[in-house]
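Note sheet for the following structure.
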Amino acid sequence: MTKSNSLFACERALAWAPSNIALVKYWGKRDHALNLPTHGSLSLALGDKGTWTELSWDFFADQDFVSFNEKQLNLESVEAARLLKFLDRFRPAGIKGAYRVRTCNNIPTAAGLASSASGFAALVKALNKLHGWNLDSKKLSVLARIGSGSACRSLYAGFAIWHEGKRADGEDSYAESLDVAWPGLRWLVFMPSKDKKELSSREAMKQTAQTCPWFNTWVTQSKVWLEEAKEAVLNQNFTKLGQIMEASSLMMHASMLSTQPWNLYWKPQTVDMMHRVRQLRQEGVECYLTMDAGPSVKILYFENDRLHLEKMTQDLDASSLLWVNPWSKPEEKLRSV
Ligand code: PMV
C-alpha cells in the first residue's frame, strides 16, 4: 500500500500504543530502508507508558502540522521530517489539504526508552482509523516497522515477538502478540539522564553491523536466545527469561564496544545500577536488568519484591525512577482540539 484515494473514515482519529522493552534485542538490519532485521526479537510492553496520537486531515491547510507534547514542531526538525517522510507513503492523492498530527508521550523521549516505537505504532493505528483501511494487527505491524523497527512490537500490550522474515519486501517481517498473562511481573526503569542520546540507534546499529568483527556470532546467538526466551515466557520460567534478557543486552552493548569507533551509551550511574541489581540478586531477590540505546537500566522483577527494590534505590532521586506495571491500561489523555 502506498497512496490512498479513499475518503476519510472519520474526522479525527485517536490511537494509543505502549512503549516496549526488548528482552531479546533487535540490533542489526538486513535492509535499512524497510528496517528488516538480521534476526527476530521479543519484547514486553510498558503498560500505560507510551504515546497517544491524534490524526486528522485539514482541508484548508497548505502544509502539515505536527505537535509533540502540545508544542508545535518545526517541520524541518529531524523528528518532524522523519514523521512526514513516513506519512508521505499514505498521503491521499488529489485531495487538497494536509495532515494534522498531535502526539503526546508520557515517557521521556530519546533517553533509550523506545519512544519512536510507541510513536510510529500509534501513528499507524491512527492512519488505519482515519483512512478506514480496516487492516489487521499483522499488516499494521509491517507498516509500523517501516517507521521504526521496534515499533512493530508496540502494536501490542504484553509480550510480542517480531519474526525476522525472509522476504525482500518485508511482508513476513511482523510482530505478533504472545498471548501470555504473567500478572506479577513489573518493570523498574532507572533513567540517570533525560538528555537526548548522542548517537541514534539507527547509526549505532549500522556501525555495529559494518565494523564489529563478530557480528555474525551475535546474530546466530540471538536466534538461539529468541527460541529459548519464547519457551521461557510460555512456561513462565522467570530465571531462564531473566538470564537470557541480561545476556542479550550485555552482548549487544559488547558488540558496540567492539566497533570502529567504539560506542558506549552507559553513564557511571548505569554501571552503578548494574552492580546494585547483581548484589540484590546475590542476596536472594530475583531480578534482572536490560539496557537499550541509552543510559537507562530497566529491571524486571516481581511485585512481591517491590520493597526490596525500593530499598535498593532509596538514595536515588525519585524522578529518575519509573515504576511500571506492564499490565496497566492507559487513560485517554488527548481531548478534542
Ligand atoms: O527501532 P529502533 O531503531 O529504535 O531500534 C531499537 C533498538 C533497541 O531498542 C536497542 C533494541 C530493541 O530491540 O528494541
Side-chain angles (χ1 to χ4, degrees), residues 17-46 49-51 78-79 82-83 86 105 107-124 141-156 159-164 170 173-175 187 189 191 196-209 212 218-219 221-223 225-226 229 244-257 259 263-266 270 289-298 300:
S19 190
N20 77 80
I21 305 295
L23 310 176
V24 175
K25 303 294 185 196
Y26 148 58
W27 197 254
K29 302 183 198 207
R30 62 182 164 90
D31 182 305
H32 289 270
L34 292 174
N35 291 330
L36 298 178
T38 47
H39 55 276
S41 53
L42 176 77
S43 62
L44 176 59
L46 275 179
K49 301 284 174 283
T51 304
V78 179
E79 293 81 9
R82 188 171 169 199
L83 191 139
F86 181 71
N105 271 17
I107 38 166
T109 303
L113 276 181
S115 55
S116 65
S118 53
F120 278 104
L123 183 61
V124 159
S141 170
V142 166
L143 293 180
R145 192 207 67 228
I146 297 171
S148 171
S150 53
C152 70
R153 300 185 310 237
S154 269
L155 261 289
Y156 311 97
F159 292 98
I161 186 161
W162 175 7
H163 302 288
E164 162 194 336
S173 183
Y174 62 92
W187 284 117
V189 183
M191 300 164 293
K196 283 198 163 194
K197 59 190 161 204
E198 289 149 30
L199 188 63
S200 69
S201 48
R202 188 172 285 257
E203 284 311 311
M205 226 182 265
K206 203 187 272 177
Q207 194 169 298
T208 307
C212 172
W218 155 249
V219 173
Q221 184 59 54
S222 296
K223 292 182 185 191
W225 278 331
L226 181 62
I244 293 172
M245 178 178 92
E246 282 198 352
S248 173
S249 171
L250 293 172
M251 193 172 182
M252 180 185 91
H253 286 275
S255 78
M256 285 182 238
L257 281 174
T259 60
N263 175 35
L264 181 63
Y265 286 112
W266 301 350
T270 312
L289 54 81
T290 184
M291 286 80 68
D292 292 290
S296 302
V297 182
K298 294 96 177 185
L300 197 58

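Ligands are counted one by one from 1 in listed order, and the atoms in each one are counted from 1 as well. The residues of the chain are indexed from 1 along the displayed sequence. Because only heavy atoms are used, hydrogens play no part in the values below, and waters and symmetry mates are left out as well, while side chains stay in.
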Please identify which atoms of ligand 1 are closer than 4.0 Å to at least one heavy atom of [X].
{"X": "A22", "result": "12 (C), 13 (O), 14 (O)"}
{"X": "S150", "result": "1 (O), 2 (P), 4 (O), 6 (C), 14 (O)"}
{"X": "D292", "result": "8 (C), 9 (O), 10 (C), 11 (C)"}
{"X": "M205", "result": "5 (O), 7 (C)"}
{"X": "G149", "result": "1 (O)"}

Smallest separation among heavy atoms of [X] and [Y], with atom names:
{"X": "T38", "Y": "K223", "result": "O-CE, 3.5 Å"}
{"X": "A229", "Y": "V24", "result": "CB-CG2, 3.6 Å"}
{"X": "S148", "Y": "R82", "result": "CB-NH2, 3.5 Å"}

Tell me if a side-chain donor or acceptor on D292 pairs with a main-chain N or O of G294 at a distance below 3.5 Å.
no
How does [X] reach ligand 1, if at all, at less than 4.0 Å between non-hydrogen atoms: by side chain, backbone, both, or neither?
{"X": "R202", "value": "neither"}
{"X": "S41", "value": "neither"}
{"X": "S116", "value": "side chain"}

Cut-off 3.5 Å, side chains only: do K25 and T290 have a donor facing an acceptor?
yes
Polar atom proximity, [X] to ligand 1 (N or O, under 3.5 Å):
{"X": "K25", "value": "no"}
{"X": "N20", "value": "no"}
{"X": "S148", "value": "yes"}

Is the ring pair H253/Y265 parallel, tilted or perpendicular, if the boundaries are 30 and 60 degrees?
perpendicular
CG/L289 to CG/L300 distance, rounded to the nearest 0.5 angstrom?
10.0 Å
Rounded to the nearest 0.5 Å, how far apart are CG of N20 and CG of L44?
8.5 Å
